[in-house]
Amino acid sequence: MQRIPLCGRRRHGVCLSTSLILLVAAVTARAQNPAPAGPAQPATQPVSITLEEAIHRAQANEPAYATALADSRIAALDRSIARAGLLPGVTYHNQYLYTQPLVSQAAQSASSQTTPRFIANNAVHEYFSQGVVDETIGLAQVADLRRANAAAALAAAELEISRRGLIAAVSALYYGVFATDHKLAIAEKARSEAADFLSLTGKREQQREAAHADVVKAQLQQQQRERDFSDAGLAAEKARLELGVLLFPDPRTAYTLAASESPQLASRAEVEQAAARNNPELRSALAALNQSNAEVLAARGAYLPSLGLNYSYGIDAPQFAVNGPDHVRNLGYSASVTLDIPVWDWLAMEHKVKQSEIRRDVAKVALTAAQRRLIARLDETFSEAAAARDQLASLDASVSTAEESLRLTRMRYTGGEATVLEVVDAQTAFVTAENAREDGRVRFQAALADLQTLTGTM
């Protein structure tokens with residue numbers, strides 16, 4: 001039997017102990033991270049959203065737009081109801097009428113015909129089964145149709161105002177998400193720049209080329225950039241959630257935005273022509289005035305007579321049958337014409353006319369105010385869009401200049417020719433210029449969306 005040397009025994013014990021330790025670690029790791037029961041589920045891919053799709057989704061989820069759409073549909077049905085009021089109505093009238101007889105029960109059994117106790121009724125047992133056609137002719141029905149047409153036009157204009165406002169809001173949020181994402185990237189780059197500069201000041205301090213105050217200033221700058229990065233991430237998350245509320249049932253749904261080409265700013269003459277012929281606010285004010293005129297017409301129509309026509313065909317007999325006991329035909333018809341002439345109502349109609357005229361005067365003031373407001377908003381919005389467009393090139397140039405200034409300042413600081421304050425100022429100027437460029441882009445897109453809202457060139 002071969003003996004294992006002491007050293008070999010020690011090595012063998014060490015190997016055995018090592019194997020036991022590895023086995024226990026493997027079992028512990030497997031217990032802490034159990035293997036999945038089934039195949040791994042693929043990660044959900046973010047939804048890609050374009051501006052057009054975002055607008056379409058928002059129209060289905062935004063409650064104010066849904067309310068305006070419902071009001072427009074209701075107004076269209078009211079117009080159909082008013083139009084039906086000008087046409088004859090047909091009903092099928094059925095009634096059974098019993099009246100106490102005038103004679104006693106004994107006399108009633110001896111006689112086949114009895115007289116009802118009420119003189120207004122024709123028989124003790126009376127059956128009605130008639131088709132009735134009614135028609136009322138008057139100025140009030142015509143005024144109701146005009147009022148319904150004006151209300152439908154007003155609701156359609158309000159729906160268009162709501163639609164354009166929603167498009168402007170979605171566009172602002174859409175490009176706002178782009179801006180916050182870019183600002184987050186800017187903050188991350190600024191944080192990296194601050195960390196690199198902190199490392200540079202530390203190396204120069206070790207080499208006795210810079211004071212410790214430079215390191216402290218770089219540390220402060222790096223800490224501020226960390227906070228700026230955290231705030232930028234929070235702002236980007238808020239912007240995505242605000243847009244997600246309009247797009248998805250769950251606002252936390254992951255999505256990406258597809259870049260779209262920005263439309264060009266039209267000339268002032270083209271903008272004014274488009275706003276003059278396709279502005280919903282003017283159409284809304286004009287429809288409100290037409291509605292007030294229809295109310296005045298309806299109030300004045302109460303002064304005129306009202307003509308009613310009635311035609312009935314069917315039975316009005318003691319038996320519910322086409323022919324009576326004596327083979328008398330119960331079917332027949334009747335027609336009537338009614339003319340109601342208003343005479344005196346203690347000036348109620350006159351006061352209603354004055355009320356409608358007062359409301360019409362208010363609608364006229366609202367129409368002229370809408371015209372003035374459109375002129376002012378058109379000039380303001382066009383000037384805002386033009387100024388934002390003209391400043392985009394200047395903002396790009398400022399970013400390039402600030403970037404070059406930061407590069408040169410860092411080189412001068414590395415060579416001992418610049419102070420730490422100059423580097424920090426250059427870093428701050430570069431970050432400010434980049435953020436200003438993003439704000440300028442959002443400003444131009446928002447102004448362009450407002451201008452398209454006024455002109456209808458969405």
Side-chain angles (χ1 to χ4, degrees), residues 49-55 58 160-187 189-190 228 231-232 235-236 238-240 242-243 246 257-282 372-405 428-458:
I49 301 295
T50 62
L51 180 58
E52 292 74 13
E53 185 176 358
I55 293 172
E160 181 64 16
I161 292 175
S162 178
R163 186 186 73 87
R164 296 184 183 186
L166 179 61
I167 291 176
V170 172
S171 300
L173 290 175
Y174 188 88
Y175 291 107
V177 170
F178 272 114
T180 54
D181 288 344
H182 292 166
K183 286 184 178 181
L184 180 60
I186 293 170
K189 185 168 62 174
D228 293 343
D231 292 339
K238 287 183 177 180
R240 284 188 167 273
E242 289 180 3
L243 183 59
L246 297 177
L257 299 182
S260 58
E261 295 183 0
S262 177
Q264 299 296 325
L265 181 62
S267 63
R268 182 180 289 271
E270 294 176 348
V271 168
E272 291 178 353
Q273 291 177 1
R277 66 174 180 269
N278 193 22
N279 183 262
E281 294 181 355
L282 284 182
R372 296 191 301 269
R373 186 167 55 250
L374 173 61
I375 296 174
R377 284 189 57 193
L378 197 61
D379 286 349
E380 293 174 0
T381 309
F382 185 85
S383 299
E384 177 75 14
R389 179 198 58 187
D390 296 339
Q391 291 179 8
L392 289 178
S394 175
L395 291 172
D396 291 336
S398 297
V399 170
S400 300
T401 303
E403 184 177 11
E404 181 66 14
S405 174
T428 303
F430 181 52
V431 173
T432 302
E434 286 192 311
N435 287 330
R437 179 173 62 180
E438 298 303 325
D439 292 336
R441 290 173 178 173
V442 174
R443 176 191 177 191
F444 174 67
Q445 294 296 340
L448 196 60
D450 290 341
L451 191 61
Q452 291 174 342
T453 301
L454 295 176
T455 59
T457 55
M458 314 301 292

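Side chains are part of it too, since the values below use all heavy atoms of this structure and drop only hydrogens, waters and symmetry mates. Nothing fancy with the numbering, it's 1 onward along the sequence.
Here E272 pairs with nothing under the salt bridge (Lys or Arg N to Asp or Glu O under 4.0 Å) rule; sequence neighbours left out. By the ring-ring contact (aromatic ring centres under 6.0 Å, His included) test, Y174 pairs with F178, sequence neighbours left out. Residues that satisfy the side chain to side chain contact (heavy atoms under 4.5 Å, CB included) test with V271, not counting sequence neighbours, are A266, L378, F382, L451, T455. K238 is linked by a salt bridge (Lys or Arg N to Asp or Glu O under 4.0 Å) to nothing, counting only residues two or more places apart in sequence or in another chain. Residues forming a salt bridge (Lys or Arg N to Asp or Glu O under 4.0 Å) with E404 (at least two apart in sequence, or on another chain): R407. For L173, the side chain to side chain contact (heavy atoms under 4.5 Å, CB included) test picks out E242, L243, L246, with sequence neighbours left out. Checked against side chain to side chain donor-acceptor pair (under 3.5 Å), N278 has the following partners two or more places apart in sequence or in another chain: R164, R283. Checked against side chain to side chain donor-acceptor pair (under 3.5 Å), R389 has no partners two or more places apart in sequence or in another chain. Checked against salt bridge (Lys or Arg N to Asp or Glu O under 4.0 Å), R373 has no partners two or more places apart in sequence or in another chain. Residues meeting the side chain to side chain contact (heavy atoms under 4.5 Å, CB included) test with A276, sequence neighbours left out: none. Partners of R437 according to the side chain to side chain contact (heavy atoms under 4.5 Å, CB included) rule, which considers only residues two or more places apart in sequence or in another chain, are L395, D396, V399, E434, R441.
One finds the CD1 atom of I167 at 8.5 Å from the CD atom of Q452 (value rounded to the nearest 0.5 Å). Taking CD1 of I55 as the reference point, atom CD1 of I49 lies at 12.0 Å (rounded to 0.5 Å). To the nearest 0.5 Å, atoms CZ (F430) and OG (S398) are separated by 12.0 Å. Rounding to the nearest 0.5 angstrom, the gap separating the OG1 atom in T453 from the CG atom in L166 is 10.0 Å. Between the CG atom of L265 and the CG atom of D390 there is a distance of 9.0 Å, given to the nearest 0.5 Å. Going from atom CG of L184 over to atom CG of D231 covers 11.0 Å, rounded to the nearest 0.5 Å.
Contact record, L374 with A275: CD2-O, 4.1 Å, taken as the closest heavy-atom pair. When all heavy atoms are compared, the tightest approach of A429 to A402 is O-CB, 4.0 Å. Nearest heavy-atom pair, T381 versus A447, reported as atom, atom and distance to 0.1 Å: CG2-O, 3.5 Å. Considering every non-hydrogen atom in both A168 and D450, the closest pair reads CB-OD1, 4.1 Å. Pairing each heavy atom of A179 with each of V442, the nearest pair is CB-CG2, 3.3 Å.
Side-chain atoms of T180 come within 3.5 Å of backbone N or O of V177 as a donor-acceptor pair. Between the S405 side chain and the T401 main chain, no donor and acceptor come within less than 3.5 Å of each other.
L257 places none of its side-chain heavy atoms less than 4.5 Å from the side chain of Y175. Q273 is not listed as a side-chain neighbour of S267, based on a closest heavy-atom distance of 4.5 Å or more.
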Practice item. Give the intermediate values and the outcome of side-chain contact (heavy atoms from CB on, under 4.5 Å) for residues V431 and K189. Key: CA-CA 9 Å; V431 173; K189 185 168 62 174; over 6 Å; no
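The pair R163-E160 meets the salt-bridge criterion, with a side-chain N (NZ, NE, NH1 or NH2) lying under 4.0 Å from an Asp/Glu carboxylate O.
Among residues at least two apart or in separate chains, salt bridge (charged side-chain N to carboxylate O under 4.0 Å, His left out) pairs with a member in residues 165-187 are D181-R240, K183-D439.
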